[in-house]
Amino acid sequence: MLTGRIVLDARLAEAEPGPRYRGLDLLTGQVLERVTRRGKFLVVPLLRNGERLNDLIIHLGMTGVLSLVPPPRPQHLRVLLGLDGGLGLHFTDARRFGRFLLTPAGDHSSLPTLQAMGPEPLGEGFTAEAFATALARSVTAVKTYLLSQRPVAGVGNIYADEALWRAGVNPATPARDVPAAQIGPLRDAIRAVLAESIAREGTTFSDYRTVTGATGSFQDSLAVYGRAEQPCGRCGHPIRRTVLGGRGTHHCPHCQPSL
DNA sequence: CGCATTTCCTGGTAGC
DNA sequence: TGCTACCAGGAAATGC
């Protein structure tokens, strides 16, 4: 739907200081060459007179939504694009954690997480060997390190907790101390959790919707996230909630013992 | 540079 | 009912 469209105009819904929505003035007249993805970032290479000068980078954050041919005046509208063929593209984002900005083509140095992002979790590059090498580089708690996107792309708070539970790894374990015998299982668990969530169209707690407006159903498969004090599905011990790296963290003290 | 902590932001909710 | 306080988290910024 977006590939090959020309941007006729691009504007902010209202004045927005700060770095969230930058470079829109460069967007007019450019062609959306295609839509790609790295981790949780959308990367849209742009063409001006056939030349690639910029990338459009979009991150939905927690509450960002892209809609084509959207309703007249949605709430929390941030960015509006007019496209050829009478199409419009709206970016709405209640909590403004998202990003919608232009960078020089291929130069993502203004986005350090994207720049230093690890391999795609479901791609061929995410091998147990590569994962072991990455984990060996850090003493940070393995969960926090997963959230950094450096050892592997795309793992957020819910999926980190779920994958660590499946692999029996305590989230506070320093990354480099994760036992070798558990690295392969953790890698497999990350892939399985993400693949299952994709198959179930994501995790819906309140406002998340798929592109068609439907809710996901992976929340029905969560083993630990949001289940503090409830019995572990594997051993029956109560799930414990802690805070790690400033993020709510859930694990089973029996199945995921600290070293 | 690596790592820990703080900040951004607002809808939802708990408590009074 | 209406108010205040607090919580949620992805990535960047800040502080060491």
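Protein chains get the first letters and strands the later ones, always in sequence-line order, with residue 1 at the start of each. These numbers come from the heavy atoms of this one structure, side chains and all, not from hydrogens, waters or symmetry mates.
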inquiry  = So, does A:T144 get its side chain near the phosphate of B:dA4, meaning an N or O under 4.0 Å from OP1 or OP2?
reply    = no
task = Give the intermediate values and the outcome of side-chain hydrogen bond (donor to acceptor under 3.5 Å, both in side chains) for residues A:T203 and A:Y225.
result = CA-CA 11 Å; A:T203 306; A:Y225 185 88; over 6 Å; no
ask   = Contact class for A:G248 (heavy atom, under 4.0 Å): base, sugar-phosphate, or nothing?
value = sugar-phosphate
message = At 4.0 Å (heavy atoms only), tell me whether A:R96 reaches a base, stays on the sugar-phosphate, or touches nothing.
response = sugar-phosphate
request  = Please check the phosphate of C:dG10 (OP1 and OP2 only) for any side-chain N or O of A:Q149 closer than 4.0 Å.
outcome  = no
message = C:dA12, OP1 or OP2 - any side-chain N/O from A:T113 closer than 4.0 Å?
response = yes
message = Over all strands shown, is A:P112 touching base, sugar-phosphate only, or nothing at heavy-atom distances under 4.0 angstrom?
response = sugar-phosphate
message = In whole Å, I'd like the distance from the CE atom of A:M62 to the C1' atom of B:dT7.
response = 16 Å
query = Are A:D93 and A:H76 close enough that a side-chain donor and a side-chain acceptor fall under 3.5 Å?
reply = no
query = B:dG12 C1' sits how many Å from A:Q75 CD, rounded?
reply = 14 Å
query = Cationic tip of A:R227 within the cone over A:W165's six-membered ring, i.e. under 6.0 Å and within 45° of the normal?
reply = no
remark   = Atom CZ of A:R247 and atom P of C:dA11 are separated, to the nearest Å, by 10 Å
request  = Indicate whether OP1 or OP2 belonging to B:dT10 is found under 4.0 Å from a side-chain N or O atom of A:T63.
outcome  = no
note = When rounded to whole Å, the OH to P distance for the pair A:Y145 and B:dT5 reads 18 Å
request  = Rounded to the nearest angstrom, tell me the gap between atom CZ in A:F97 and atom P in B:dC9.
outcome  = 9 Å
key: A:L77 CG to B:dC9 P, straight-line distance once rounded to whole Å   = 18 Å
task = For A:S138, answer base if it contacts any base atom (sugar-phosphate contacts may also be present), sugar-phosphate if it contacts only those atoms, and nothing otherwise; contact means non-hydrogen atoms under 4.0 Å.
result = sugar-phosphate
Listed nucleotide nearest any side-chain atom of A:R20, set B:dC9, C:dA12, C:dG10 = B:dC9
query = Under the 3.5 Å rule, do the base of B:dG11 and the side chain of A:R95 count as making a donor-acceptor pair?
reply = no
remark   = Residue pair A:R78/A:V139 against DNA chain B: nearer the 5' end by closest nucleotide is A:V139
request  = Pick base, sugar-phosphate or nothing for A:L114, based on heavy-atom distances below 4.0 Å to the nucleic acid.
outcome  = nothing
message = Starting the side chain at C-beta, find the nucleotide from C:dA12, C:dG9, B:dG11 nearest to A:F41.
response = C:dA12
task = Check whether any side-chain nitrogen or oxygen of A:R241 sits under 4.0 Å from OP1 or OP2 of C:dA8, and answer yes or no.
result = yes
Nearest-angstrom distance from the residue atom CZ of A:R150 to P of C:dA12 = 12 Å
C:dA11 OP1/OP2 closer than 4.0 Å to side-chain N/O of A:H59 = yes
message = Checking A:H108 against A:D55: is there a side-chain donor and acceptor pair closer than 3.5 Å?
response = yes
inquiry  = Could you check whether A:K143 and A:N157, counting side-chain N and O atoms only, form a donor-acceptor pair closer than 3.5 Å?
reply    = yes
Name of the residue among A:N170, A:L244, A:I239 meeting side chain to side chain contact (heavy atoms under 4.5 Å, CB included) with A:H251 = A:N170
request  = Please report, rounded to the nearest Å, how far the P atom of C:dA11 is from the CZ atom of A:F100.
outcome  = 17 Å
task = Taking only the side-chain nitrogens and oxygens of A:Y225, find out if one of them lies under 4.0 Å from OP1 or OP2 of C:dG9.
result = yes
